[in-house]
There are 2 protein chains.
Amino acid sequence: MANDDTRPLTLRDVSEASGVSEMTVSRVLRNRGDVSDATRERVLSAAKALGYVPNKIAGALASQRVNLVAVIIPSLRNMVFPEVMSGISSVLEETDLQPVVGVTDYLPEKEERVLYEMLSWRPSGVIIAGLEHTDASRAMLKASGIPVVEIMDVDGTPIDAMVGISHRRAGRKMAQAIMKAGYERIGFLGTKMPLDHRARKRFEGFTEALAKGGIEIADQEFYSGGSALAKGREMTETMLEREPDLDFLYFSNDMIAAGALLALLEKGVEIPEQIGLAGFNGVELLDGLPRKLATMDACRTEIGVKAAEIIAERVNNPDAETPKVIELTPKISYGDTLRR
Amino acid sequence: MANDDTRPLTLRDVSEASGVSEMTVSRVLRNRGDVSDATRERVLSAAKALGYVPNKIAGALASQRVNLVAVIIPSLRNMVFPEVMSGISSVLEETDLQPVVGVTDYLPEKEERVLYEMLSWRPSGVIIAGLEHTDASRAMLKASGIPVVEIMDVDGTPIDAMVGISHRRAGRKMAQAIMKAGYERIGFLGTKMPLDHRARKRFEGFTEALAKGGIEIADQEFYSGGSALAKGREMTETMLEREPDLDFLYFSNDMIAAGALLALLEKGVEIPEQIGLAGFNGVELLDGLPRKLATMDACRTEIGVKAAEIIAERVNNPDAETPKVIELTPKISYGDTLRR
DNA sequence: TTGAAAGCGCTAACAT
DNA sequence: ATGTTAGCGCTTTCAA
């Protein structure tokens, strides 16, 4: 090992150790072009013996190609996003692209900073949650010249392409199912997140459809922080104390709905006869609950898959005609907490 | 805009637009060296007007500095890791370092691939879960010449530094608490994950301490895949059918323990008198359950914080004397499912 | 306070 | 099948 132990190894070291030109070493390491088996062997064994790890920074600069896809999401703590990530990874693993995650904490300014950081690495594409961004963020995305897919939501206009569900429509659909089942005194319980545009749109769609059916939300309650399960309990108790004659509770996510379910069952409330419940997301957790919760699947994995497919296609063939809008259709699942 | 719309902007474009040398533009953009206020203004406004985003690839190559910290973890779907990430981010946000996540799915070969990919970007440090790695991975880490912190576990020898808890000790501690409470017929329920070394070590510590108290595990059951809550239910039912006189169930994670709790409460089993329960992790979810589950806190956020602090310190000052081993002490929490 | 030259470690393009 | 040359877009270093 000629390496002096402070300087990282370079192609040149492998070249010298194997007696082959840097260029040929480079070709072997990238499986490019024609290289004789003998040379290939010598190079590979030299590289391995030295413990050479290529320098992608130099490679990227020289080739003007970076195999990274920036994925920008609000949070990792909400199980929704890891599931979207799975969808993305499952597609990118078939290519030589790699996802790199940035987290915004639902803050537009942080999104802007994270985006700037990521774009400065010149990724091959961007997948970003939501359609609402600062002007500066939109400008950067437009100017980047790379494929951009906005995900989760299709209620708006994409910068480039979008894949998701209509949260407005989802809210309306649930409202219609609830009204059809004959519930009339409906409470809404959700997160206190003015910046969670998708939750807001669901709420808007929900109230709009109720209004069309001549019903107004009877009560609402919001929380922030803490264990969602515990908050679901608390909020439900608070609300039912205030409005004891509610016959349906609609939650902005399944976790708080699950807390409510546990609380109501303990109290001996008849579900779904006396009070019906519905959440949103279709989290797998729900399978273990005493009753199957009514919810609506947000197509999380599929969103990731479709978004990654668009990026992969466009990276392969920059002139490819990829879809600009993919609207997926969330399925309502009645479970045991919403009368049919 | 002189940009021809296919070529990304470079320093040169900003230089031309502002009539200042590339070098001075570079200095302004990095707040380095002395630049007159007038020049600074001209440069900044030109950069902004053009929508210039610096090319970190070129910058990193020239400066031999990359402000990235590779974080390599088994999964994002287990809430443990997002929490560790929070700890890491909270520290790195105070510095100019940025975490980049790689996921291994508990597969040593995938860990090796991910590590290779990440090291080829020449990050400033590595935080990696666990102490068990392939020989090639260890070799790469050793040869990388950058600070490496192995996290979650301290039962072993670190390559460089480690921050975590002793899972063996955690298993022993729980066994002792269970025996002290007088339980004697104990079942174990966990994940079928030969590659989850930490779960394995907890199990080993657990059985070892029981043996010392003259008790042998009465039954065990493992699962893989599916909803952990549902699996907890199923496994509990299966096991109690097989061994109806068990008086304690120890679970390798809180989620399956929660499923068991729900199942047993429905059956009218007296908890913790008739059967006691304990999980592992202290997930926040638990706060909303009908009973507070006995568990043990894995110090997730703190592990992330300490690991990131070591990296940050070493990046600042390569000769800094940072701790090689930080063992955190998990607290046992008795909740309502383990007699005192 | 500013600029010019050299080069980071690779790869594209063109030899041979 | 292999080698040579000339950069990629920045920053370091040195000069003015």
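No hydrogens, no waters, no symmetry mates; every other heavy atom, side chains included, goes into these values. Every value quoted in this text rests on a predicted model; they were computed, and no experiment measured them. Labels below follow one simple rule: chain letters A, B, ... track the order of the sequence lines, proteins then strands, and each chain is numbered from 1.
Screening residues 34-54 of chain A for side-chain hydrogen bond (donor to acceptor under 3.5 Å, both in side chains), with sequence neighbours left out, gives A/Ser36-A/Thr39. Among residue pairs with one or both ends in residues 139-163 of chain B, those qualifying as salt bridge (charged side-chain N to carboxylate O under 4.0 Å, His left out) are B/Asp153-B/Lys201, B/Asp160-B/Arg314, B/Asp160-B/Lys324; sequence neighbours excluded. Residue pairs satisfying the side-chain hydrogen bond (donor to acceptor under 3.5 Å, both in side chains) criterion with at least one member in residues 56-68 of chain B, sequence neighbours excluded, are listed as follows: A/Glu117-B/Lys56. Each salt bridge (charged side-chain N to carboxylate O under 4.0 Å, His left out) pair with one or both residues in residues 86-103 of chain A, not counting sequence neighbours, appears once here: A/Glu93-B/Lys110.
Every residue meeting the side-chain contact (heavy atoms from CB on, under 4.5 Å) condition with B/Ala17, not counting sequence neighbours, appears here in chain and number order: B/Ala46, B/Leu50. Shown here are the side-chain contact (heavy atoms from CB on, under 4.5 Å) partners of B/Ile57, two or more places apart in sequence or in another chain: A/Ile57, A/Ala60, A/Leu61, A/Val66, A/Trp121, A/Arg122, B/Asn55. For A/Arg12, the salt bridge (charged side-chain N to carboxylate O under 4.0 Å, His left out) partners two or more places apart in sequence, or in a different chain, are A/Glu16, A/Glu22. For B/Met193, the side-chain contact (heavy atoms from CB on, under 4.5 Å) partners two or more places apart in sequence, or in a different chain, are B/Tyr106, B/Thr191, B/Asp196.
Within the model, atoms CD1 of B/Ile88 and CD of B/Glu309 stand 11.5 Å from one another, a figure rounded to the nearest 0.5 Å.
Without hydrogens or angle criteria, B/Asp13 side chain to B/Thr10 main chain gives a donor-acceptor distance under 3.5 Å.
Using a 4.5 Å cut-off on side-chain heavy atoms (C-beta onward), B/Val100 and B/Pro123 make no contact. In this structure, B/Leu115 and B/His133 have side chains that are not in contact, with every pair of non-hydrogen atoms separated by 4.5 Å or more.
Between chain B and DNA chain D, the heavy-atom contact criterion of under 4.0 Å yields a 5' to 3' nucleotide range of D/dG9 to D/dT12.
The stretch residues 35-46 of chain B touches DNA chain C through B/Val35, B/Ser36, B/Thr39, each having a heavy atom within less than 4.0 Å of the strand.
End-to-end axis angle for the helix from C/dT1-D/dA16 to C/dT16-D/dA1, using five pairs per end and rounding to 10°, comes out at 30°.
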### Task
Determine, for nucleotides 8-16 of chain C in 5'-to-3' order, which nucleotides have protein heavy atoms under 4.0 Å from the base (write B), from only the sugar-phosphate (write S), or from neither (write -).
BBBBBB---
